Amino acid sequence: MLDRKFIIENPDLVQQNCRQRNISVDIAGLVALEHQRRAKLTEVQELNRQANEVSKTIGKAKDAQEREARKEEGRRLRDQKDAAQSEHDSLEATIVELQASIPNMTHPDAPVGADDGANREIRRGRAALPVFDFAPLDHVALCEKLDLLDLEGGARTTGHGFYFLRNEAVLLELALQRYALQVLLPEGFTPTITPDMARDAIVAGTGYSPRGPETQIYSIENSELSMIATAEITLGGLLAGQTLDAQQLPIKLCGISHCYRTEAGAHGRATRGIYRVHQFTKVEMFVFTLPDHSDAMLEHLCELECRIFDGLGIPYRVVDTATGDLGGPAYRKYDLEAWMPGRGDGGEFGEVTSTSNCTDYQARRLNARFKRAGEKGTHFVHTLNGTAVAISRALIAILENYQQADGSVVIPEVLRPWVGKDRIEPRTN
RNA sequence: GGAUGGGUGGCCGAGUGGUCUAAGGCGGCGGUCUUGAAAACCGCUGUGGGCGAAAGUCCACCGGGGGUUCGAAUCCCUCCCCAUCCGCCA
């Protein structure tokens with residue numbers, strides 16, 4: 001959520017930002033409503049003040065008759081106040097709804113454009129695109145040969161979009177988690193395993209809608225809990241409502257969780273295999289910083305993501321996400337797209353990680369603040385999140401890039417200590 | 001899941017319908033005194049918001065939400081959390 005004062009004071013900037021981000025919001029209308037609301041608030045406060053004054057005189061009233069007269073006056077004032085208050089509250093509700101639909105402001109260097117076609121490639125990974133002297137398979141075919149994945153079983157027990165991992169796929173999942181931690185722990189991240197469910201209020205505070213037709217989130221019936229779509233939700237929620245000392249920042253967490261996504265509205269873009277699934281495991285970085293430090297921290301998170309994929313030896317490109325393609329909370333976002341030889345016709349890049357600087361947009365809704373010693377008042381922290389490893393997609397990239405002519409898949413060197421072998425051989429039985 | 005007791009400012013803790021404008025203490029900040037420090041003494045002390053050029057002033061906030069009342073930290077409902085005991089359980 002943007003700061004309301006900022007919106008009121010900079011309506012043109014905000015309106016222009018909305019246009020660039022493909023969001024239609026009537027900022028002038030919001031400003032007019034806010035002025036009405038403030039006038040109403042002043043009225044409420046004045047009535048409240050008068051009513052409080054009357055109440056104080058009742059205890060000191062001389063006799064029963066005066067007491068009754070004062071009570072009557074108090075009742076009258078409170079009724080007036082309640083009426084004004086409910087007018088105020090409905091204005092407030094309208095404004096909040098509008099305000100929540102306004103996306104974050106945008107980094108001046110982010111490419112301007114309507115959709116992902118305007119995303120700007122800013123970097124390539126160290127590994128070159130693989131050259132195969134045979135026709136490379138996609139991960140579904142590879143998994144079948146190597147007995148790594150049971151999509152039918154997933155569909156039977158749970159539904160389309162769920163899967164069983166088997167054999168070396170399981171070892172790879174665990175190895176990827178350990179590898180990600182190995183890279184992140186020396187960087188000062190606190191390893192964390194978070195709940196896979198969160199209160200709806202926390203889900204909403206992080207910027208996701210827990211319920212409703214458009215939701216990406218599974219919710220638990222007869223409860224106020226939802227399955228998390230990313231550990232960003234629980235890690236961000238961890239400091240909801242807290243006020244930190246400035247010296248405690250930055251707080252760098254890396255959280256391991258399962259992620260559950262309904263993928264509502266994505267059925268038209270259904271993809272083969274485990275590229276788009278309802279459940280996967282992810283190691284997520286989440287950082288709370290001082291406002292001055294969030295730009296540099298975003299670069300750092302991006303650099304860590306690159307380090308992880310360079311270490312895996314997977315070719316990738318980094319794109320600076322265009323204004324029209326940014327999610328609401330992001331001020332700037334870098335996506336890391338890995339080369340997936342089995343995707344599309346002769347290989348395509350597919351998104352494997354994403355890192356965003358949400359500035360104070362998420363913190364405002366979460367009410368996560370910091371305080372500088374000796375200074376009056378508090379400020380909102382900045383929050384950033386970034387994928388260290390989303391297992392299902394990393395798995396696709398590894399299997400497809402490391403496949404060999406004989407149908408085997410070589411294990412990336414950095415994972416071998418945890419997988420315990422160099423290569424996944426086709427099953428012969 | 002059941003029973004009981006709790007949740008009050010940065011912290012401890014008093015407060016069962018109206019001088020609560022939340023006692024008292026600790027901590028912190030400023031001052032007096034001192035060569036310096038300590039002690040002692042004096043003053044200050046949270047968050048959000050409205051109006052105002054400012055000084056200031058007003059409103060809200062005692063775990064969250066709702067209710068009763070002219071008036072709620074205090075009474076009622078509900079939810080959350082903590083502690084202890086019991087049951088169940090990997």
Side-chain angles (χ1 to χ4, degrees), chain A residues 1-9 30-96 99-100 193-206 210-211 219-226 233-234 237-249 258 360-381:
Chain A
M1 191 145 55
L2 279 188
D3 179 28
R4 199 176 298 181
K5 256 190 197 146
F6 177 83
I7 299 169
I8 302 302
E9 285 163 11
L30 188 153
V31 171
L33 284 171
E34 174 64 5
H35 284 126
Q36 284 178 45
R37 186 191 71 84
R38 285 199 194 168
K40 198 47 85 174
L41 180 62
T42 304
E43 190 184 330
V44 169
Q45 292 186 341
E46 175 58 18
L47 287 166
N48 225 334
R49 193 190 61 76
Q50 290 175 21
N52 284 346
E53 222 161 63
V54 169
S55 290
K56 278 180 203 161
T57 67
I58 290 175
K60 300 171 187 157
K62 289 190 277 293
D63 51 54
Q65 195 190 355
E66 186 185 335
R67 198 181 338 265
E68 274 316 308
R70 307 256 80 189
K71 276 192 184 184
E72 183 48 41
E73 194 185 352
R75 261 191 289 269
R76 188 178 56 77
L77 284 166
R78 299 280 174 190
D79 284 349
Q80 282 181 36
K81 188 216 78 175
D82 287 346
Q85 179 84 56
S86 73
E87 285 179 55
H88 169 272
D89 289 352
S90 79
L91 281 168
E92 171 70 11
T94 309
I95 293 165
V96 166
Q99 192 181 353
I193 292 180
T194 90
D196 283 350
M197 294 187 220
R199 290 183 202 286
D200 289 347
I202 296 293
V203 174
T206 324
R211 301 189 192 232
S219 51
I220 308 299
E221 198 177 7
N222 299 324
S223 80
E224 292 183 354
L225 292 176
S226 295
I233 292 172
T234 37
L238 200 53
L239 294 184
Q242 306 287 305
T243 302
L244 305 155
D245 291 331
Q247 312 96 277
Q248 292 176 266
L249 298 169
H258 291 116
D360 61 358
Y361 190 91
Q362 203 169 43
R364 185 168 292 107
R365 223 181 320 201
L366 287 170
N367 191 25
R369 303 155 177 275
F370 72 93
K371 187 178 171 59
R372 289 195 179 89
E375 197 180 279
K376 236 180 156 41
T378 57
H379 312 272
F380 291 107
V381 300

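In what follows, every chain begins at residue 1, and chains take the letters A, B, ... in the order their sequences are listed. The structure displayed is predicted, hence computed values, not measured ones.
Remark: the separation of the C1' atoms in B/rC79 and B/rA23 is 31 Å, to the nearest Å. Comparing the P positions of B/rC88 and B/rA14 gives an interatomic distance of 37 Å, to the nearest angstrom. B/rC76 and B/rU16 have their C1' atoms separated by 14 Å, given to the nearest Å. Taking atom C1' on both B/rC85 and B/rA90, the two are 22 Å apart, rounded to the nearest angstrom. Using atom P as the reference point in both B/rC61 and B/rU19, the two lie 15 Å apart (nearest Å). Rounded to the nearest Å, the gap between the C1' atom of B/rG52 and that of B/rC59 is 15 Å. Comparing the P positions of B/rG9 and B/rU47 gives an interatomic distance of 14 Å, to the nearest angstrom. Across B/rU45 and B/rA22, the matching C1' atoms stand 14 Å from one another, rounded to whole Å.
In this structure, the separation between CD1 on A/I7 and CG on A/L2 is 5.0 Å, given to the nearest 0.5 Å.
For the pair A/E43/A/H88, no side-chain contact is recorded, criterion being any heavy-atom separation below 4.5 Å from C-beta on. A/I8 is listed as a side-chain neighbour of A/L30, based on a closest heavy-atom distance under 4.5 Å. In this structure, A/D360 and A/D3 have side chains that are not in contact, with every pair of non-hydrogen atoms separated by 4.5 Å or more. No side-chain heavy atom of A/K40 sits under 4.5 Å from any side-chain heavy atom of A/R37.
Distance, A/R49 CZ to B/rG71 P: 17 Å, rounded to whole Å. Atom-to-atom, CZ of A/R199 to P of B/rG65 comes out at 14 Å; the value is rounded to the nearest Å. Atom CD in A/Q242 sits about 16 Å away from atom P in B/rG63, given to the nearest Å. Atom pair A/K56:NZ and B/rU21:P shows a separation of 6 Å (rounding to whole Å applied). Look at CG on A/L225: it is 15 Å from P on B/rC79, rounded to the nearest Å. Distance A/K40 NZ to B/rC59 P: 19 Å, rounded to the nearest Å. One interatomic measurement links the two molecules: CG of A/D245 to C1' of B/rG10, which rounds to 9 Å at whole-angstrom precision. We find that CG of A/L47 is positioned 16 Å from P of B/rC58, with the value rounded to whole Å.
Taking both residues in full, the closest heavy atoms of A/M1 and A/R364 are given as O-NH1, 2.6 Å, listed atom of the first, atom of the second, then distance. Considering every non-hydrogen atom in both A/V54 and A/R70, the closest pair reads CG1-O, 3.4 Å.
Shown here, B/rC11 forms a base pair with B/rG25; the pair counts as Watson-Crick or G-U wobble because both key distances fall under 3.5 Å. Searching all strands for a Watson-Crick or G-U wobble partner of B/rU57 with both distances below 3.5 Å returns B/rG50. Nucleotide B/rU16 has no partner under the Watson-Crick or G-U criteria, as no pair reaches both atom distances under 3.5 Å. Using Watson-Crick or G-U wobble geometry with both donor-acceptor distances under 3.5 Å, B/rG71 finds no partner in any strand shown. Pairing for B/rC85 is with B/rG2, a Watson-Crick or G-U wobble pair whose two hydrogen-bonding atom distances lie under 3.5 Å. With both pairing distances under 3.5 Å, B/rC62 is matched to nothing as a Watson-Crick or G-U wobble pair. Remark: B/rA37 base-pairs with no nucleotide in the shown strands. Criterion, Watson-Crick or G-U wobble with two distances under 3.5 Å. Nucleotide B/rG30 has B/rC42 as its partner under the Watson-Crick or G-U criteria, with both atom distances under 3.5 Å.
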Please evaluate residues A/E34 and A/R38 with respect to the criterion salt bridge (charged side-chain N to carboxylate O under 4.0 Å, His left out), reporting the C-alpha separation (whole Å), side-chain torsions for both, the decisive distance (0.1 Å), and the verdict.
CA-CA 6 Å; A/E34 174 64 5; A/R38 285 199 194 168; 3.1 Å; yes
Summary of protein contacts for nucleotides 45-55 of chain B, nucleotide by nucleotide, where a base hit scores B, a sugar-phosphate-only hit scores S (4.0 Å, heavy atoms):
-SSSBBS----
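RNA chain B is contacted by both A/V44 and A/E224; A/V44 maps to the nucleotide lying nearer its 5′ end (nearest heavy atom per residue).
The local environment of CD in A/E92 is crowded, with over 12 non-hydrogen atoms from other residues, nucleotides or ligands closer than 6.0 Å.
A close approach under 4.0 Å does not occur between any side-chain nitrogen or oxygen of A/R70 and OP1 or OP2 of B/rU69. For A/N48, no side-chain nitrogen or oxygen approaches OP1 or OP2 of B/rC58 to under 4.0 Å.
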